[in-house]
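Below you'll find the structure, written out as structure tokens, and then a few comments.
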Amino acid sequence: MRTIVFATSNEDKLKEIREILPEAELLTMGGIGFHEEIEENGQSFEDNALIKARAVADYIRKARPDLSDALVLADDSGLEIDAMDGMPGVHSHRWLGERTYREAMEDIIAKLDGLPDEKRGTRFVCAIAAVLPRTEDAEEGRELVLRRTVEGIVARSIRGEGGFGYDPFFYVPEYGCTTAEMSREQKNAISHRGKALRAMREELLREGLL
Ligand code: ITT
């Protein structure tokens, strides 16, 4: 069984990831002894996913040679809101400041008050990066990166208890509910992270790495 180290400290993401990558033994950063804060200072989701995956791959090279055959994956995700010029985007987490998600969502709903559906467009974006194990003739492991999205509209009120982060106001018209009102399986089937992870899984299977 292939070992995958997933470079996240977000437990909610891990629950989603475990369901999509059943053929791998999934380890977390904490699980391999990596406790440093990674500075996500990239300009794009792809940059940040690569920054996270490289930091963990470096750590494995230096401190965990027993894991040299492991694949390292990382995702960087966030929410883009059309009426806010794509904000909060790559800053989706830090943009909260001192607010809870609920407060931040209520602020956005107030800002968009009165806008019709066609002006409430939003999307979740997810970039997944992989650092592949080093081969005998290569200094560095090869890297793969890809991006997927899911489109929605900013709901007029917060709804649902499932998911995490901005899910309770991410309304998907085709399903008539927010991603927080979906089961985990339903959300994984349509979500940015679900799509990106399945695409990465396909790629890894094609390369004989899973
Ligand atoms: P790691 O960097 O440790 O993975 P993080 O929570 O900081 O955890 P990101 O930088 O990738 O993760 O994510 C930015 C934020 O975007 C995340 O904390 C959520 O607020 C939001 N987000 C991402 N995916 C989401 C989803 O599926 N549902 C709701 N909100 C999501």
Side-chain angles (χ1 to χ4, degrees), residues 4-20 26-32 34-56 59 72-81 84 86-108 122-130 145-152 154-155 158-172 175 177-198 200:
I4 293 184
V5 181
F6 209 102
T8 182
S9 39
N10 181 327
E11 283 298 321
D12 298 302
K13 284 187 185 175
L14 278 171
K15 285 187 205 138
E16 296 184 354
I17 294 159
R18 278 212 174 85
E19 284 173 9
I20 297 173
L26 210 58
L27 300 181
T28 62
M29 296 197 294
I32 64 163
F34 181 100
H35 298 292
E36 287 159 45
E37 188 75 27
I38 303 173
E39 203 188 336
E40 298 174 30
N41 53 7
Q43 298 296 310
S44 66
F45 294 104
E46 285 83 351
D47 286 350
N48 282 336
L50 275 168
I51 287 170
K52 292 188 224 182
R54 284 177 190 150
V56 172
Y59 170 79
V72 181
L73 294 187
D75 92 321
D76 192 56
S77 44
L79 182 77
E80 292 179 345
I81 296 174
M84 292 167 55
M87 281 292 284
V90 286
H91 309 297
S92 292
H93 201 173
R94 125 185 57 133
W95 184 78
L96 289 176
E98 300 293 307
R99 296 171 299 177
T100 61
Y101 277 105
R102 201 183 171 91
E103 288 162 352
M105 288 186 285
E106 275 166 355
D107 286 350
I108 295 172
T122 181
R123 72 201 52 76
F124 276 129
V125 180
C126 175
I128 304 258
V145 61
L146 53 83
R147 159 195 292 235
R148 294 292 184 275
T149 58
V150 57
E151 299 287 328
V154 175
I158 287 170
R159 282 168 49 174
E161 304 293 324
F164 65 98
Y166 297 98
D167 281 322
F169 85 163
F170 191 90
Y171 183 80
V172 188
Y175 290 79
C177 64
T178 67
T179 40
E181 292 176 298
M182 295 181 178
S183 66
R184 204 150 59 222
E185 297 76 52
Q186 263 180 321
K187 183 185 164 191
N188 274 345
I190 62 141
S191 79
H192 52 318
R193 188 169 305 98
K195 289 182 196 165
L197 275 171
R198 282 191 296 276
M200 181 57 81

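All values reported here derive from a predicted model rather than from experimental measurement. What you see below is based on every heavy atom in this structure, not just the backbone, and it leaves out hydrogens, waters and symmetry mates. One-based numbering, in listed order, for ligands and for the atoms of each.
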For [atom], what's the nearest protein heavy atom and its distance?
atom                    : answer
atom 2 (O) of ligand 1  : Lys52 NZ, 2.7 Å
atom 24 (N) of ligand 1 : Arg193 NH2, 2.7 Å
atom 1 (P) of ligand 1  : Thr8 OG1, 3.5 Å
atom 21 (C) of ligand 1 : Tyr166 CD1, 3.8 Å
atom 9 (P) of ligand 1  : Lys13 NZ, 3.4 Å
atom 6 (O) of ligand 1  : Asn10 ND2, 3.1 Å
atom 15 (C) of ligand 1 : Ser92 CB, 3.7 Å
atom 13 (O) of ligand 1 : Ser77 O, 3.1 Å

Per-atom contacts of ligand 1 with [X], taking only distances under 4.0 Å to non-hydrogen atoms:
X      : answer
Ser9   : 3 (O)
Gly78  : 16 (O)
Lys187 : 26 (C), 27 (O), 28 (N)
Tyr101 : 17 (C), 18 (O), 19 (C), 20 (O)
Asp76  : 9 (P), 10 (O), 11 (O)
His93  : 5 (P), 6 (O), 7 (O), 18 (O)

TODO: Could you tell me which non-hydrogen atom of Arg193 sits nearest to which non-hydrogen atom of Ser77, and how far apart they are?
DONE: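 Shortest heavy-atom contact: NH2-OG, 3.0 Å.
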Task: Side chain proximity check, Tyr175 to Glu181, heavy atoms < 4.5 angstrom - done: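 No, side chains not in contact.
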TODO: Could you check if a side-chain atom of Thr122 sits within less than 4.5 angstrom of a side-chain atom of Phe169, using non-hydrogen atoms only?
DONE: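 Counting from C-beta outward, Thr122 and Phe169 never come under 4.5 Å.
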Task: Check: Lys187 side chain, Ala180 main-chain N or O, donor-acceptor pair, under 3.5 Å - done: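 Checking the backbone N and O of Ala180 against the side chain of Lys187, no donor-acceptor pair under 3.5 Å is found.
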Task: Check: Asn48 side chain, Phe45 main-chain N or O, donor-acceptor pair, under 3.5 Å - done: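 Answer holds: no.
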Task: Min N/O separation Glu40 to ligand 1 under 3.5 Å - done: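 Yes.
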Open item on the list: Quick test of your reading of the model: are Glu40 and Lys52 salt-bridged, counting only N-O distances below 4.0 Å?
Closed with: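 Salt bridge flag = yes for Lys52 with Glu40.
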Task: Sidechain N-carboxylate O distance under 4.0 Å for Lys15, Glu11 - done: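 Salt bridge: no.
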TODO: List in chain and number order the residues that pass salt bridge (charged side-chain N to carboxylate O under 4.0 Å, His left out) with Arg18, two or more places apart in sequence or in another chain; answer none if no residue qualifies.
DONE: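 For Arg18, no residue satisfies salt bridge (charged side-chain N to carboxylate O under 4.0 Å, His left out) once neighbours in sequence are set aside.
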Open item on the list: Parallel, tilted or perpendicular: which one describes the rings of Tyr59 and Phe34, with boundaries at 30° and 60°?
Closed with: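 Perpendicular, since the angle between the ring planes exceeds 60°.
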Task: Test ring pair (Phe, Tyr, Trp, His ring centres under 6.0 Å) applied to Phe124 - qualifying residues, sequence neighbours left out - done: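 Phe124 satisfies ring pair (Phe, Tyr, Trp, His ring centres under 6.0 Å) with Phe170, His192 only.
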